[in-house]
Amino acid sequence: IRPRGNIYISPSLPARPELVKNPPMISLPDYLKPLERVACPFPEKAVEEAIARREESIPIFLEALEWTINHAEEVPHDYMLHECALRLLAQFREIRAFEPALRLTKHPLANELIGDTLCADLGCILASVSGGDLGPICELIEDEEVDEFARSAGLQALGVLCRAGQLSRKKFSGILG
């Protein structure tokens, strides 16, 4: 059993027993398969391989984000490729991940899909993939329909961009009003 967000999961116990079938997932090369599901110990070698094969991994990670967004209701409880993808795409500073990361952040099931990432790391992830594009981050912050933790992550993203020198303190203060 491993913690994920505020719940504990076990590969043998479905988190949502009402789901009787899972949609076909994306096809993965062997080196990324260990990142698809929660595993103990964490598959560090697969992460290292994904980093070493960055250009090959990026389109697969982008596809994993899209798959998760499009199949949010059916995502298996132990699926974690999208969370690994978010973090690695952020490490790669991959701006093509910005739009799907925002859509995942705004998704009504965001808390279930990315759990603690929503509160802990999402601000840094959004800042890393934003390419300095503040407009969508500001829209996220102002969207009252979005989860409060997601909106807070938008504020954190602006703070990260300010600390990184990509956003002036004056402009940051102006955005905050």
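In what follows, residues are counted from 1 in the order of the sequence shown.
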From Glu142 CD over to Ile175 CD1, what is the distance, rounded to the nearest 0.5 angstrom?
9.0 Å
Is any side-chain heavy atom of Arg87 less than 4.5 Å from a side-chain heavy atom of Val47?
no
Leu122 side chain reached by Gln156 side chain, heavy atoms, under 4.5 Å:
no
Ignoring hydrogens, what is the shortest heavy-atom contact between Leu86 and Ala101? Give both atom names and the distance.
CD2-CB, 3.9 Å
Side chains of Arg37 and Pro76, heavy atoms from C-beta outward: is any pair under 4.5 Å?
yes
About how many Å separate SG of Cys119 and CD1 of Ile114, when rounded to the nearest 0.5 Å?
9.0 Å
Does any non-hydrogen side-chain atom of Met25 lie less than 4.5 Å from one of Leu81?
no
Is any side-chain heavy atom of Arg169 closer than 4.5 Å to a side-chain heavy atom of Cys162?
yes
Using the rule given for side chain to side chain contact (heavy atoms under 4.5 Å, CB included), can you reason through Leu176 versus Leu155, listing the C-alpha separation, both sets of side-chain angles and the distance that settles it, and then say yes or no?
CA-CA 9 Å; Leu176 296 177; Leu155 286 169; 3.5 Å; yes
Might you point out which heavy atoms bring Ala90 and Ile125 nearest each other, and give the distance in Å?
CB-CA, 3.9 Å
Lys/Arg N to Asp/Glu carboxylate O, Glu66 vs Arg103, below 4.0 Å
yes
dist Glu63:CD -> Thr68:OG1 (nearest 0.5 Å) comes out at 10.5 Å
Note: Ser130 and Ile137 closest approach over all heavy atoms is CB-CD1, 4.0 Å
Mind checking whether Met80 and Phe42 have side chains closer than 4.5 Å, heavy atoms only?
yes
Check Phe149 against Asp147 and note the closest heavy-atom contact, atom names and distance.
N-OD1, 2.7 Å
Residues which pass side chain to side chain contact (heavy atoms under 4.5 Å, CB included) with Ile60, listed by chain and number, not counting sequence neighbours
Ile26, Leu28, Pro29, Tyr31, Leu32
Would you compute the distance between atom CG of Leu134 and atom CG of Leu140 and round it to the nearest 0.5 angstrom?
12.5 Å
With sequence neighbours left out, write down each residue that passes side chain to side chain contact (heavy atoms under 4.5 Å, CB included) with Val160, or none if nothing qualifies.
Cys124, Ala127, Arg163
Would you check if the side chain of Arg54 reaches a backbone N or O of Phe92 as a donor-acceptor pair within less than 3.5 Å?
yes
Candidate pair Leu88 and Ser57, rule side chain to side chain contact (heavy atoms under 4.5 Å, CB included), full reasoning
CA-CA 9 Å; Leu88 287 168; Ser57 300; over 6 Å; no
Arg151 to Asp143 - nearest heavy-atom pair and separation:
CD-O, 3.1 Å
Working note: Leu109 + Val75, criterion side chain to side chain contact (heavy atoms under 4.5 Å, CB included); need CA distance, chi angles, decisive distance, verdict.
CA-CA 10 Å; Leu109 294 176; Val75 172; over 6 Å; no
In Å, rounded to the nearest 0.5 Å, how long is the span from CD of Glu83 to CG of Leu65?
10.5 Å
Separation between CG of Leu62 and CD of Glu94, rounded to the nearest 0.5 Å
6.0 Å
Polar side-chain atom of Ser152 near backbone of Glu148 as donor-acceptor pair, under 3.5 Å:
no
Heavy atoms from other residues, nucleotides or ligands near CD1 of Ile95 exceed 12 (cutoff 6.0 Å):
no
Taking all non-hydrogen atoms of both residues into account, name the closest pair between Ile69 and His107 and its distance.
O-NE2, 3.8 Å
